Amino acid sequence: MSEKVFLLPDLGEGLTEAEILSWRVAVGDTVTVDQVVVEVETAKAAVEVPVPYAGTVVALHGGPGDVLRVGEPLIAVGDGTESSGTPARTPDVPSTDGASGNVLIGYGTSADEPVRRRRVAPTGRTVSASPRPAATPAPAPSTPSAVRVISPVVRALAREHGIDLATVRATGVGGVIRRADVDAALAEREAPASTAASTPGTRSDVHIPLNGIRKAVADKLSTSRREIPDATTWVDVDATELLAARAAMNAALPEADRVSLLALLARLTVAALRRYPQLNASVDLGRRRIVQYGRVHLGIAAQTPRGLVVPVLADADTLTTVELAQRLSETTALARDGKLPPGRLTGGTFTLNNYGVFGVDGSTPIINHPEAAILGIGRIIDRPWVIGGEVAVRKVAQVSLSFDHRVCDGGEAGGFLRLFADYVEDPVRALAHL
């Protein structure tokens, strides 16, 4: 039987490695062209990988939890034909004749030079190609109503490690179990029993792996703090008229076209960037220049079960308010489900961060490197506000702008923030020209 070894394909967007979440096939199974054989997790999303060959599975290169780099062997498939001598097991890259080009769902085919990296087993041996690992005993059944899990990645992780989700402490919004919660439960289970026994009444340390999307976020934020000389400015705004404008707008629109508050804030952000393009920029240190972008690719910071991600609304400045709202709703839903392609998580030129959803008033957000600025919105609450010399109760929020001081001075940053605040207080002024 001759064999073909399928390499982990190019993941795109600068992604160079992926962690195996779960195999969908075992050694000895028969597979068809474009059949999904494994689910992997990159720093940006969980991705299903189809095999471009048909035949019998001969070997699976790694098990759940192993990290493979692009170009490393993933799965070996035999075509069922006999050959003389030792079967050839040379890595193959799918070609356009006879094999599928649908290498990775959402991406194209690529052939990079193979590089290798294996997770070391506890015995010190390197994990090698092997049949499907022995299954961990399935967790005891639990009442569905007692467990709230949104992400299939979280369910797969718990299943692979034999963790009963009903016993996991949830920290997500609304009692949703996040990946970090499963990681914490796994770390607590594997902690030495003597640690807890030595100090009665206290909890043992929890060791949470810094990998996947958590590692990507940590690297990006560290780079931002290390490279960008940032400054932050903020202002309180009266958002009463903004809420009234949204209510009036939605009353005149069909239900499918109704606009969220975040979409309206995104629209005002784009309007302010037209007047202050200095903020829609980045610094190119290699060429010693500042790049001001002609289009606004607006990033929206979003908390998901997999952690913080920033999906990007490409060409946001070309969209109407309703189109922007629809694109935002679709994009954030995909991001929360872990189904957003990596290409839609990169390439932003400016980021909007609505931290008010967490019930906080203010923040000094970290710039999403390599962008030059990030605009933050706090919660909108009733506060006393002076209008025409009289105190009234109004809907007030704090907005903040962190900016790269290499790109603009305080005057330009303050001008942008003040203009955005004016738009919030008098949205008709901005929306009339959009």
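Bear in mind the structure is a predicted one, so any value in this text is a computation, not a measurement. Numbers for residues simply follow the sequence, beginning at 1.
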Would you check, one step at a time, whether the test salt bridge (charged side-chain N to carboxylate O under 4.0 Å, His left out) holds for Asp361 with Arg379?
-> CA-CA 5 Å; Asp361 298 325; Arg379 61 176 179 165; 2.4 Å; yes
Donor + acceptor pair across side chains of Asn280, Gln292 (<3.5 Å) | no
For Phe350, all residues meeting ring-ring contact (aromatic ring centres under 6.0 Å, His included), sequence neighbours excluded = Phe416
Classify the side-chain pair Thr32/Tyr53 by whether it contains a donor and acceptor separated by less than 3.5 Å.
-> no
SB check Glu425 Lys395 (cutoff 4.0 Å) | no
Is there a side-chain contact between Thr346 and Val312, using heavy atoms and a 4.5 Å cut-off?
-> no
Decide yes or no for Leu268 and Leu242: does some side-chain heavy atom of the first lie under 4.5 Å from some side-chain heavy atom of the second?
-> yes
Cationic N near anionic O, under 4.0 Å, Asp29 to Arg24 | no
Are Glu72 and His61 close enough that a side-chain donor and a side-chain acceptor fall under 3.5 Å?
-> no
Kindly check if the number of other-residue, nucleotide or ligand heavy atoms within 6.0 Å of CZ (Arg226) is above 12?
-> yes
Measure from the side-chain N and O atoms of Asp337 to the backbone N and O of Leu334, and report whether any donor-acceptor pair falls under 3.5 Å.
-> no
Side-chain donor-acceptor contact under 3.5 Å, Thr351 with Glu371 | yes
Just by distance, with hydrogens left out, do Tyr293 and Ser282 show a side-chain donor and acceptor under 3.5 Å apart?
-> yes
Is it the case that more than 12 heavy atoms not belonging to Trp385 sit under 6.0 Å from its CH2 atom?
-> yes
Do Asp422 and Arg418 sit within salt-bridge range, that is, some charged N less than 4.0 Å from a carboxylate O?
-> yes
So do Thr269 and Tyr423 actually touch side chain to side chain, heavy atoms under 4.5 Å?
-> no
Full working for side-chain contact (heavy atoms from CB on, under 4.5 Å) between Val38 and Ser22 = CA-CA 6 Å; Val38 66; Ser22 62; over 6 Å; no
Taking NZ, NE, NH1 and NH2 as the nitrogens, is one of them in Arg169 or Asp181 under 4.0 Å from a carboxylate oxygen of the other?
-> no
Would you mind listing every side-chain hydrogen bond (donor to acceptor under 3.5 Å, both in side chains) that reaches into residues 240-253, with sequence neighbours excluded?
-> Asp238-Thr240, Thr240-Arg394
pair Val283-Val407: side-chain heavy atoms closer than 4.5 Å = yes
Is the closest side-chain donor-acceptor distance between Arg344 and Thr331 under 3.5 Å?
-> yes
Scan for ring-ring contact (aromatic ring centres under 6.0 Å, His included) pairs involving residues 386-406, sequence neighbours excluded, and state none if there are none.
-> Phe403-His405
Assess whether side-chain contact (heavy atoms from CB on, under 4.5 Å) is satisfied between Ile300 and Asn354, documenting all intermediate values.
-> CA-CA 8 Å; Ile300 305 291; Asn354 179 22; over 6 Å; no
Within the side chain of Glu412, is there an N or O that forms a donor-acceptor pair under 3.5 Å with the backbone of Asp409?
-> yes
Would Asp164 and Arg159 pass as an ion pair if we require N to O under 4.0 Å?
-> no
Side-chain donor-acceptor pair under 3.5 Å between Ser400 and Thr232, yes or no?
-> no
